Amino acid sequence: MAESAYSFAAIEAKWPSVWDELGVFTPHDDGSRPRRYVLDMFPYPSGDLHMGHAEAFAMGDVVARYWRLKGFDVLHPIGWDSFGLPAENAAIKRNAHPAEWTYANIETQAASFKRYALSLDWSRRLHTSDPAYYRWTQWLFLRFYERGLAYRKNHPVNWCPKDQTVLANEQVVNGVCDRCGTPVTKKALNQWYFKITDYADRLLDDMTELEGHWPERVLAMQRNWIGRSEGAHVDFAIEATDAQGGQSERKVTVFTTRPDTLYGATFFVVAADADLAAELVTPERAGALAEYQDRVKALSEIERQNTDREKTGVFLGRYAINPLSGERLPVWAADYVLADYGTGAIMAVPAHDQRDLDFARAFGLPVRPVLDTGEEDPTASGIATAGEGTIINSGPLDGLSKTDGIAKAIEIVESAGTGSGTVNYRLRDWLLSRQRFWGAPIPIIHCDVDGEVPVPDDQLPVQLPDDLRGEQLAPKGTSPLAAAEHWVNVTCPKCGGAAKRDTDTMDTFVDSSWYYLRYLSPDYAEGPFDTEAAKSWMPVAQYVGGVEHAILHLLYSRFFTKVMKDMGLIDFDEPFASLMNQGQVLNGGKAMSKSLGNGVDLGEQLDLFGVDAVRLTMVFASPPEDDVDWADVSPSGSAKFLARAWRLGQDVLSEPGTDPAGGDRALRAVTHRTLAEASELVEAHKFNVVIAKVMELVNATRKAIDNGPGGSDPAVREAVEAVAIILSLVAPYTAEDLWGTLGHEPSVANAAWPAHDPSLLVEETVTAVVQVQGKVRDRLDVAPDIAEDALRELALASPNVKRILDGRDIRTVIVRAPKLVNIVPA
RNA sequence: GCCCCAGUAGCCCAAUCGGCAGAGGCAGCGGACUUAAAAUCCGCCAAGUCAGGGUUCGAGUCCCUGCUGGGGCACCA
């Protein structure tokens, strides 16, 4: 055979049509083999694919291809998360419809994915902006609505002045809009929410199931976000004013994690922006409160969140009664108390809470320590003592520890009927309505007679109007849909009278909270998905995506899954059994960005080095979860290695099907060890090490060909076939071509992962290390099954050992056959 | 402030249960081939594991303290 040079361009041109014809990556879905669902987080179609996609999808493909070779029926679908703001902004600028930009980008990305040779099943492709998809997003919304899990409330919400829309808490990062970086303001609006707080406990508890299968940091972030804290609700009676006369029946409940410090409460604070403040204020102080509230409203979220700020507040002229001590506590309003955490009111214990202490010092309020922690008196130091200690000045609680004090205080308030032990969460309900166009319309009709009326199922989908263009889509603080009168004005499904559609659209995270189920039956028309298909494929065996979704998408999807289980649609609690977060692709130590000018164009890299070399570089650079710095890696080195591996094929002189049994034993041992280790390594997600092992095998094979038994040895064929199969996980073009050179029919993706022969892994001799006091003093070649006693004798007989011991007595000898002996002299 | 993760050759990274610090690559150096170069093949070089303490016969690995870097949460009562 004439030697020819490795050309990635030639190989890339050769195989795609062959793969398409064979339909290699469509699952059989017939129960003939165990199923496994491998899923990459679907992309948003913002232009072409970038380096980040290249990394993430390379990782997912390793897993999908591996399980396929291992004999599983692998489902590895692709689709697009195609609703969202960028499309809308582009449409406004170009006087176009968002669909044009969106679907053009999808085609660009689809072509790039195909070039990238991912093992995807293209027959299940979906787009969340297709009416056939969002029909079921709306259907699910209505089911949530029926269950009381979708509701509207008037509430202060996060507002992005630039994007002109509300944002979920999860989308506000350090006080700015996570999309455009504009400081977020508060606005009181009537908005739709999902009652995710009802599921806080299950979202938390079911994480035990994910332990060990999801990255620990993601679990930690979700726990953090849900923010469960145990404490007590305690009722404080509000004293009537003289003007009202008599006894007020008004009570205000506070949440505290420290009921043990109840006797240390010296004042009472309600959130300045809560209705409660206005309710409690006396007429004489109402003016002062109003003035203070104006000042608070003027603050941006960033200013408000600054914890170094001076404490501010205003006395409401009112007193609350401590249910334990009977003490009168002045009631203040302040902005350091949050309206939507706990009950929006706190008992202030300045001695043992730094914020309360700062406030007390700012306004000259008393400080009373009730816990002796051995630290300096906070009254003098200005530093609250929040730790453990012994309770003092607290009547029945005196002498107890913090923990016992908490239990005792709860017992007391419970028996007095003035409180109870309780659990509080940081998690807020999910604000899902958006005042934007390019999303799934909320399927509700507002009727003057019947109020909120769900759109009947048989009228779904509520389709977006397709005649709005450019400026008509511009955000105006209300949804652009409101201006589409022909669309808005409908008849009420209940009474037939004139009514209006809800003009908000859903957060795109609603779309992506259930897409993994739609892939299972993408054309199903009787519901969002075929429940039988869900039974056979779910949960997702391996989910792959960026850690930026650690809270948002993953928490929402978990929530949806639990609701769908309660609806009886599915029978599992968690959608993603295992999660892999690939790292970012950096350049020069920094994330790629336009402003830094350090962007690397994926298309250019593919042109320069070839698809396989870029994929190999991504996978080989580091463990999947670590960042890849493109400045630190060598795609040209990857290309060189691929050529080296590929050239092996030309030196294989035996026929396909040759029995390897008589082949060179040393090379066979390397091949079989590599196969065994590669399996373990893939399953442990150490893909970079898998590559290192293939490189070793390639080196050993090269040596066998050039300086060993030569290319006609059957062990060489066996080795090169293993190279092709393992390499197919990351370098599908090169592997396929090599497989062809070896005389096999396509596709290598359908080749079975060769079972390794354990007898070939048994070494004839192993090196045992002999240590004296932990230092290596000799090495012995011994049988792998050597007995402990025999090894001990051998070690003690070693001349080196004898010389080092120099006649000293031996205290103990530790033997770990067959690898190590450690002799400890007396 | 609280929580999570990571620190191993110049660089990217390996190292089952605690058991010889080195698998692989990049860069560098040298050799073979060549008139020469490229390509290819072969070989060489390098740290004692961020610092300090502890447990142990034995620590990169376990424990404690600190440092550095990355990430998350944060007036969350």
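Hydrogens, waters and symmetry mates are skipped; everything else that's a heavy atom, side chains included, is used. All figures in this text were calculated on a predicted structure; none of them were measured in a lab. Every chain is numbered from 1, with letters handed out A, B, ... down the list of sequences.
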Chemist: Can I get a per-line list of side-chain donor-acceptor pairs under 3.5 Å for residues 815-826 of chain A, giving both atom names and the distance, sequence neighbours left out?
Modeler:
from, atom 1, to, atom 2, distance (Å)
A:Asn822, OD1, A:Gln773, N, 3.4
A:Asn822, OD1, A:Gly774, N, 3.0

Chemist: Just call it for A:Val547: base, sugar-phosphate, or nothing, with non-hydrogen atoms closer than 4.0 Å on any strand.
Modeler: nothing
Chemist: Got a sec, which residues hit ring pair (Phe, Tyr, Trp, His ring centres under 6.0 Å) with A:Phe609, two or more places apart in sequence or on another chain?
Modeler: none
Chemist: Got a sec, which residues hit side-chain contact (heavy atoms from CB on, under 4.5 Å) with A:Glu677, two or more places apart in sequence or on another chain?
Modeler: A:Arg673, A:Leu681, A:Lys693
Chemist: Which one is paired to B:C17, where only Watson-Crick or G-U wobble pairs with both distances under 3.5 angstrom count?
Modeler: none
Chemist: Identify, with sequence neighbours excluded, every residue that meets ring pair (Phe, Tyr, Trp, His ring centres under 6.0 Å) alongside A:Phe268.
Modeler: A:Phe236
Chemist: A:Ala692 side chain: which of B:G24, B:C73, B:C42 is closest?
Modeler: B:G24
Chemist: For B:C13, does the glycosidic angle fall within 90° of 0 (syn) or outside that (anti)?
Modeler: anti
Chemist: Nucleotide by nucleotide, 5' to 3', does protein get under 4.0 Å of the base (B), only the sugar-phosphate (S), or neither (-) in nucleotides 6-18 of chain B, counting heavy atoms?
Modeler: -----SSSSS---
Chemist: Is B:G70 syn or anti, taking syn as a glycosidic angle within 90° of 0?
Modeler: anti
Chemist: I'd like to check the side-chain contact (heavy atoms from CB on, under 4.5 Å) partners of A:Met580; sequence neighbours left out, ordered by chain and number.
Modeler: A:Met59, A:Val63, A:Gln542, A:Val544, A:Pro624, A:His685, A:Phe687
Chemist: With both distances under 3.5 Å as the test, what is the Watson-Crick or G-U wobble partner of B:C41?
Modeler: B:G31
